[in-house]
Amino acid sequence: MAKVEVTIVTYRDIFQEEAKEIGRYSDEYRDLSALILLDRGDMKLIETEDGQTVQVDTDWGTVVVTAKLSEEDEEHPGLAFMPNSPWSNQLVSGDTGTSKIPEFKRIRAKVSATDKEVDTISDLVERIRAD
Amino acid sequence: MAVCTGCSLLCDDIELECDDGKISLTKNLCRKGEGRYRSLREDRLVPAVDGVKVSFDEAISKAAEMLGDAENPLLFGWSNSTLEAQRIGIDLAKKLGATIDDTSSFCQGYLMEKVLRGEYPTCTLDEVRNFADVLIYWGSDPSSSQPRHMSRFSYFPRGEKRQRGYEEDRTAIAIDVRKSPTVVITADGFFRIPPGGDAEFIEALLAALGGKMPKVKDKKMKKKILKLGSTLRKAEFGVIFPGLGLIYSLKDEIDKLTPLITRLNEVASYKLIPMVGHYNMRGFNQTLLEETGHINRVSFKDGVEHGPQFAVTEAVNDCDALMVIGSDLISALPAAISRKVARIPTVAIDPHRNLTTDMARVTIPSALSGLEAGGSALRMDGVKIEFEPVIESGYRSDAEILSRIMEAV
């Protein structure tokens, strides 16, 4: 299975913020959070299309989310975007350095196509509880 | 008129109508605020101990027992609590000899400290509306995080000296790694930088302000930065609105920003207002600063101690009881750290069910501030906003809950 290496930058989205206010367990919150926005070329490399699921791996965790084609004007191979959420936080390093601030906005990850379903919030909770 | 506690703008122009004790109509809310209002009916927390529903008094009693018995308790959250609750929380931490920290610890803390200590010049949002002509949104995206920032204060409105508004009187600049909704509004004023490229951009800007050629490979960008230097020099009242993009890029090297702030104030007049997310993060930072000389990361175990070891991301390694108020810590932290949090006996106080409350031993439901409970808070610019409850509910305020725990400890 082809993999593409990316740096993930997390961001806030107004629609996701609204859904978060209403409840973290809703389908709407998951649909607006469990996403990765990829460059068109990177999507081609892993033979994925807009709306298909992808697996994102880092040394710290794995998550299955929906791939979306980035709407940036310029090409940005190797750069991906995810809404800040428990899904993106599965991937963030536990090392916080001298600042004690986690690296939320520069996450080195590998992305590959998958047939797996998008992780639910319950899946994430189970993983956090299990360790 | 009601106050929305959906973000640190604390919009105080929310009109609402109630029908039979329920809100039937609202005006002036942004999408995020609308979500907060709708949440009144969704996923409300119930008092529980070890997953079993108990009375409110029993939950308070168990919380006090857990915190009182702990050798090394940690009290975290606070940015979604009123000033009144924060003061009681600090007293509770003193009484328990606890560590206390808030969301600024992994958010705007570094910059907020500079502002609160008077090291960076700042101003109010009302002054921004009346006087600001050059606006720099740096690693911030108010359109998504503080949705009425640009319409109430910074870009669109007419002001005392800005009668022609954004069309002619204001120049907006956005420095970001992505084309955010705010970038779309600022259009030509967009400077795209690579992730972590903020320090380099500061250097380039300093060069441009000094009349030197910025060390940037891209020729177009070089020209653009030179032009930006000229625009910045002409400002009558410039304001920088830094967001998490800038903070997370610089982190504890935030001092790299200082020469730029200094230089900008040599050639023109520039202020800085950190783009705080939670409605009263600044309130907690200011209150704790007045009490202890530090804005966050404080331990009362042996007098007053401060340091990175008391940051929540570190303190969870050593604490034997945790109280989280108004924050979904498990969702907000990297899973690698959340796994540690999940193993700590936790008391969670929140209006709603969330991942942290689901993993807590004791849950205590609280009122939604600004809607079900009154109090006061500091807006992102330090202006104090007071609010009254606008609907009746049986939920207790954070301040009342903390007072009860304090009495019971």
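In what follows, every chain begins at residue 1, and chains take the letters A, B, ... in the order their sequences are listed. Keep in mind that the numbers below use all heavy atoms, side chains included, and drop hydrogens, waters and symmetry copies.
Residue contact with chain A, scored on non-hydrogen atoms closer than 4.5 Å, is absent for Leu40(B). Only the side chain of Ala342(B) comes within less than 4.5 Å of a heavy atom in chain A; its backbone stays farther off. For Tyr110(B), the part sitting under 4.5 Å from any heavy atom of chain A is the side chain, from C-beta outward, and nothing else. The part of Ile121(A) that comes within reach of chain B is its side chain, from C-beta onward, which places non-hydrogen atoms under 4.5 angstrom from that chain. For a residue to count as touching a neighbouring chain, one of its non-hydrogen atoms must lie under 4.5 Å from one of that chain's; by this rule Arg41(B) does not touch chain A. For Leu37(A), no part lies near chain B; criterion is any non-hydrogen pair under 4.5 Å. With a 4.5 Å cut-off on non-hydrogen atoms, Ile337(B) touches chain A through its side chain but not through its backbone. The contact between Pro195(B) and chain A is made by backbone and side chain atoms together, counting heavy-atom distances below 4.5 Å. Looking at Gln16(A), neither its backbone nor its side chain comes within 4.5 Å of chain B, counting heavy atoms on both sides. Contact annotation for Val9(A): only side-chain heavy atoms (C-beta onward) come within less than 4.5 Å of a heavy atom of chain B.
A distance of 6.0 Å separates OH in Tyr29(A) from OG in Ser331(B), rounded to the nearest 0.5 Å. A distance of 7.5 Å separates CG in Leu124(A) from CG in Leu355(B), rounded to the nearest 0.5 Å. To the nearest 0.5 Å, the span separating OG on Ser145(B) from CD on Glu17(A) amounts to 5.5 Å. Thr98(A) OG1 to Lys251(B) NZ: the interatomic distance, rounded to the nearest 0.5 Å, is 8.5 Å. Taking CD1 from Ile128(A) and CZ from Arg343(B), the interatomic distance works out to 12.0 Å, rounded to the nearest 0.5 Å. If you take OG on Ser104(B) and CD1 on Ile101(A), they are separated by 9.0 Å, rounding to the nearest 0.5 Å.
Under a cut-off of 6.0 angstrom, the local environment of CG in Asp255(B) is crowded, with over 12 non-hydrogen atoms contributed by other residues, nucleotides or ligands. A 6.0 Å sphere centred on CG of Asp115(A) holds no more than 12 heavy atoms belonging to other residues, nucleotides or ligands. Residue Asn317(B) places its CG atom among more than 12 non-hydrogen atoms of other residues, nucleotides or ligands, all under 6.0 Å distant. Atom CD of Gln309(B) is surrounded by more than 12 heavy atoms from other residues, nucleotides or ligands within 6.0 Å. The local environment of CD in Glu200(B) is sparse, with at most 12 non-hydrogen atoms from other residues, nucleotides or ligands closer than 6.0 Å. Within 6.0 Å of CZ on Arg40(A) lie no more than 12 heavy atoms contributed by other residues, nucleotides or ligands.
The greatest number of non-hydrogen atom pairs below 4.5 Å with chain A, out of Ile330(B), Asp141(B), Val341(B), Asp328(B), is found for Asp328(B). Considering only heavy-atom pairs separated by less than 4.5 Å from chain B, the leading option among Ala19(A), Pro102(A), Ser88(A) is Pro102(A). Most heavy-atom pairs under 4.5 Å with chain A, from the set Ile247(B), Leu244(B), Val312(B), Asp43(B): that is Leu244(B). For chain A, the option among Arg297(B), Glu253(B), Glu34(B) with the highest count of heavy-atom pairs below 4.5 Å is Arg297(B). Between chain B and the residues Arg12(A), Glu71(A), Glu72(A), Glu74(A), the most heavy-atom pairs under 4.5 angstrom are made by Glu72(A). Across Ala311(B), Ser144(B), Ala335(B), the residue that shares the most heavy-atom pairs under 4.5 angstrom with chain A is Ser144(B). Comparing Gly196(B), Gly33(B), Ser338(B), Ser249(B) by heavy-atom pairs within less than 4.5 Å of chain A, the highest count is held by Gly196(B).
Counting only distance, with no hydrogens or angles, the side chain of Ser99(A) and the backbone of Asp252(B) share no donor-acceptor pair below 3.5 Å. Here the side chain of Asn89(A) pairs a donor or acceptor atom with the backbone of Ala332(B) at under 3.5 angstrom. With Lys32(B) contributing its side chain and Ile14(A) its backbone, the two residues share no donor-acceptor pair below 3.5 Å.
A cation-pi contact, defined as under 6.0 Å to the ring centre and within 45° of the axis, is absent between Arg106(A) and Tyr248(B).
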Chi angles and distances behind the side chain to side chain contact (heavy atoms under 4.5 Å, CB included) call for Glu21(A), Arg38(B)
CA-CA 8 Å; Glu21(A) 289 287 341; Arg38(B) 277 170 58 198; over 6 Å; no

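Between Lys100(A) and Phe106(B), the closest side-chain pair of non-hydrogen atoms is not below 4.5 Å.
Side chains of Tyr25(A) and Asp358(B): a donor on one and an acceptor on the other come within 3.5 Å.
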